[in-house]
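First comes the structure, then the notes that go with it.
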Amino acid sequence: MILFRKFRVLILMVFLIACSMHIMIDLLPKLERRSSSACSCSHTPSEEPQNWAKHRAKPGSESGWPNKHTLRILQDFSNEPNSNLSSHSLEKITVGERSEALKRFEQFTGDEKRHTARDSALKNAAVKGSRLSALFEHPLYTRPLPTLTDEDTLFNVNTDIRFDPKAAENPEWNGEGKDGDYAPTGEMSSDSYPNWLRFHIGINRYELYSRHNPVIDAMLKDLLSQRITSVAMKSGGTQLKLIMTFQNYGQALFKPMKQTREQQTPPDFFYFSDFERHNAEIAAYHLDRILDFRRVPPVTGRLVNMTKEIRDVTRDKKLWRTFFISPANNICFYGECSYYCSTEHALCGKPDQIEGSLAAFLPDLTLAKRRTWRNPWRRSYHKRKKAEWEVDPDYCEEVKQTPPYDSGTRLLDIMDMTIFDFLMGNMDRHHYETFEKFGNETFIIHLDNGFGKHSHDELSILVPLSQCCRVKKSTHLRLQLLAKEEFRLSALMEESLQTDTLSPILIRPHLEAMDRRLRLVLQVLADCIEKEGYSNVVEDDLLVEGLNTGTAPQR
C-alpha cells in the first residue's frame, strides 16, 4: 500500500512538472519580447536575437500577436480544385477596413541608387534598334482588341467617383500615420489609385493587362521599393511560399531562392520532386509577354532582408518559430508546408539577405471569383500508373466533345498553354483558372510556372498539340516570327530579362534551349499541316479589318 501511494505521488509530480514546462514554453516568446523592450540595440547575425518579432500590440493587449479577426483576407495562388472557395488568407479585415485599403496608397518613393541598373536597362530596351522594341512594333503586336463593354471588364469603375479621406474612420488617414507615413489629403479619382488597384481595374475578358500599359512597370517598381508591412505563409502547396503585404496595401506572392541558376534536377528524380525555382516565375512572365499572351501576373525579383522584412514583421507564429541561426552564422527559416519545410531544407540568407520572386496578386476572390479547371492533359502524379492521354492516341477527340472544349476558344487556349509550358520545360500544369464573370469565353490564367532541365526537351508536354493539331493563327505567326534571326526568342528573352533587378535570370543553356524547343513546336505544327491541311489546323483569329501581319502563312 505504501509503495502504491508513493507511485501515485510520483505520477502527480511528473504531471505537474510537465504542465509547468508547457506553460513556460508557451510564455517564452512573450518573455523574450518583454526582456528585449528595454534594449533598443540592433542585432547582427552573430548575436543571439533577443526580439525576433516586433509586434504592434494594441494598448491594453497582453500579447503582440494580432487577433485573428483583425487580419486581412489574402488571395489564393494555388492551383487546387475549388480554390476560389478555400483561398481566404490568414489575415482578415472588416468591410470598412477593406474599403479604406482601396483608398489609401503611398506614392512611389524608391531608392534611385538601388534601381539605377534596372531603369537604365529599361531605357536601353526602348531605343530604336532594340529587338524587343522592334518586336512590339510589329503588326502582330499592335492589333486592337474588340470594343469592350461592361460585360467584358472585370470591374466597372465610374471615373467620376471621388473619395473624401476625411470620411474614413481611421484617424491616421487625415494626418501623419505611424512610422512617419503621410496619408494623402484631398479628393481622389480612380487615376490616383495605387498601381496594384489600377492593374486590377484594367483586367478584361481578353487580357490581364494591355500591351503597353505604363501601370505595369510602375507596379513592378512598387514591388521592389514598397516597405513590407506584413508576412504570412501561404496555406496549401508542396513548398513554402510567403504572402507579403506592402505599405500601399498591395500584396504579392514571394517565392524564395532554393537553387542556384546552374543547378539541375538529377535525372533519376521523379519530376514532382523538383524544387520550385524563383527565377522561373520571373522568366515565365517575360516569356508570356514576348508570346503576347499576357496571361501571367506581373513578376519581379527582389532582394529581401530576412531579419527586418520577414522575421520582424511577420504575424504568423508558426513561421516566426522556424527562424534560427545556422552554424555558418546565417539567418535561416523553413516554415511549414507539405514537403520541403524542415531544417534539412531551410532557406538561409547571406548573412540575412535572400533573393526571391514577387508575383503581383490578382483581385481578391471575394471581389472577383475565379473558377478552377482540371487540365485535360494532367499527369497521373503516380510513379507507375499512366494518365489516359498517355495511352490513348485519340484522346483529343474525346476532349473536343466535352464542354467547354467543344466550342469557343478554350481548346486553342490549351494549345497556347501547351506551347508556353514546352518552351519552359514545365511538366506540372495540373490545373488552370479563369475569371468566373467571363464564363467560358475568356483567357486562361497561367499561374505557378516552372522551368525544367535545359539539357532535356520533355516531348510529352507537346502531346496535346500533336494529338489535336490545332493552333491559333496569331500564335502560329508569332512563333514563326520568333524563329527568325532578326528577332530570335533567346535574344529577346535575354534583353527583356536584363530589366529585372536580379539579372541575369537565366543562364545561357536555358536561353538556347528555348530556341531549340521553338523549332520543335514549329516542326510539330508543320507535320500537322502536312497531314490535315492548313485550314484544318490553323484557326483564323485575325479577323480585325485592315490587319496586315506582314507574315505569309506557311501552307
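Residues: numbered from 1 along the sequence shown.
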Are the side chain of Gln467 and the backbone of Trp389 linked by a donor-acceptor contact shorter than 3.5 Å? yes
Determine, step by step, whether Lys255 and Asp448 satisfy the salt bridge (charged side-chain N to carboxylate O under 4.0 Å, His left out) criterion, reporting the C-alpha distance in whole Å, the side-chain angles of both residues, the deciding distance to 0.1 Å, and the verdict. CA-CA 10 Å; Lys255 282 189 178 182; Asp448 199 11; 2.9 Å; yes
Please check this pair: side chain of Thr418 against backbone of Ile414, looking for a donor-acceptor N/O pair closer than 3.5 Å. yes
Salt bridge or not between Arg470 and Glu539? Use side-chain N to carboxylate O under 4.0 Å. yes
Of Ile444, Asn426, Asn449, the residue whose pairing with Phe420 passes side chain to side chain contact (heavy atoms under 4.5 Å, CB included): Asn449
Using a 3.5 Å distance criterion without hydrogens, assess whether the side chain of Arg410 forms a donor-acceptor pair with backbone atoms of Phe443. no
With a 3.5 Å cut-off and no angle check, do the side chains of Gln247 and Thr229 form a donor-acceptor pair? no
When you measure from the side chain of Tyr395 to the backbone N and O of Trp377, does any donor-acceptor pair fall under 3.5 Å? no
Mark yes or no for whether Asp541, through its side chain, and Ser474, through its backbone, hold a donor-acceptor pair below 3.5 Å. yes
Can you confirm whether more than 12 heavy atoms, excluding those of Lys350, are under 6.0 Å from its NZ atom? no
Would you say the side-chain atoms of Asp364 and Thr366 include a donor-acceptor pair closer than 3.5 Å? yes
Any donor-acceptor pair under 3.5 Å linking the side-chain atoms of Asp500 with those of Ser503? no
Please lay out, stage by stage, how Lys400 and Tyr405 fare under the test side-chain contact (heavy atoms from CB on, under 4.5 Å). CA-CA 5 Å; Lys400 289 179 181 179; Tyr405 309 103; 6.0 Å; no
Is it true that Glu309 and Arg302 make a salt bridge, defined as a side-chain N closer than 4.0 Å to a carboxylate O? yes
Is it true that Asp515 and Arg517 have a side-chain N and a carboxylate O under 4.0 angstrom from each other? no
For Glu151, look at atom CD and say whether over 12 heavy atoms of other residues, nucleotides or ligands are found less than 6.0 Å away. no
Where the side chain of Thr442 meets the backbone of Arg205, is there a donor-acceptor pair that is under 3.5 Å apart? yes
Where is the tightest heavy-atom contact between Leu347 and Pro256, given as atom of each residue plus distance? CD1-CG, 3.3 Å
Heavy-atom nearest pair, Leu208 first then Pro297, reads CD1-N, 3.7 Å
Specify the closest pair of heavy atoms between Ser496 and Arg289, including all atoms of both residues, with the distance to one decimal. OG-NH1, 3.7 Å
Do Lys472 and Asp413 pass the salt bridge (charged side-chain N to carboxylate O under 4.0 Å, His left out) test, and can you show the C-alpha distance, the side-chain angles, and the key distance before you say yes or no? CA-CA 8 Å; Lys472 293 178 183 177; Asp413 288 336; 2.6 Å; yes
Between Glu494 and Arg508, does at least one N-O distance fall below 4.0 Å, as a salt bridge requires? yes
Counting distance only, does the side-chain N/O of Arg379 pair as donor-acceptor with the main-chain N or O of Met427 below 3.5 Å? yes
Any Lys/Arg nitrogen of Glu433 or Arg370 sitting under 4.0 Å from an Asp/Glu carboxylate oxygen of the other? yes
With distance as the sole test, does Gln226 use its side chain to make a donor-acceptor pair with the main-chain N or O of Asn248 at under 3.5 Å? yes
Heavy-atom closest contact (Ile505 atom, Asn279 atom, distance): O-ND2, 3.1 Å
For Tyr432 and Trp373, take the angle between the two ring planes, folded into 0 to 90°, and tell me which bin it lands in: parallel under 30, tilted 30 to 60, perpendicular over 60. parallel
Do Asp288 side-chain atoms and Arg294 backbone N/O form a donor-acceptor pair below 3.5 Å? yes
So, the side chain of His212 versus the backbone of Thr142: is there a donor-acceptor pair under 3.5 Å, distance only? no
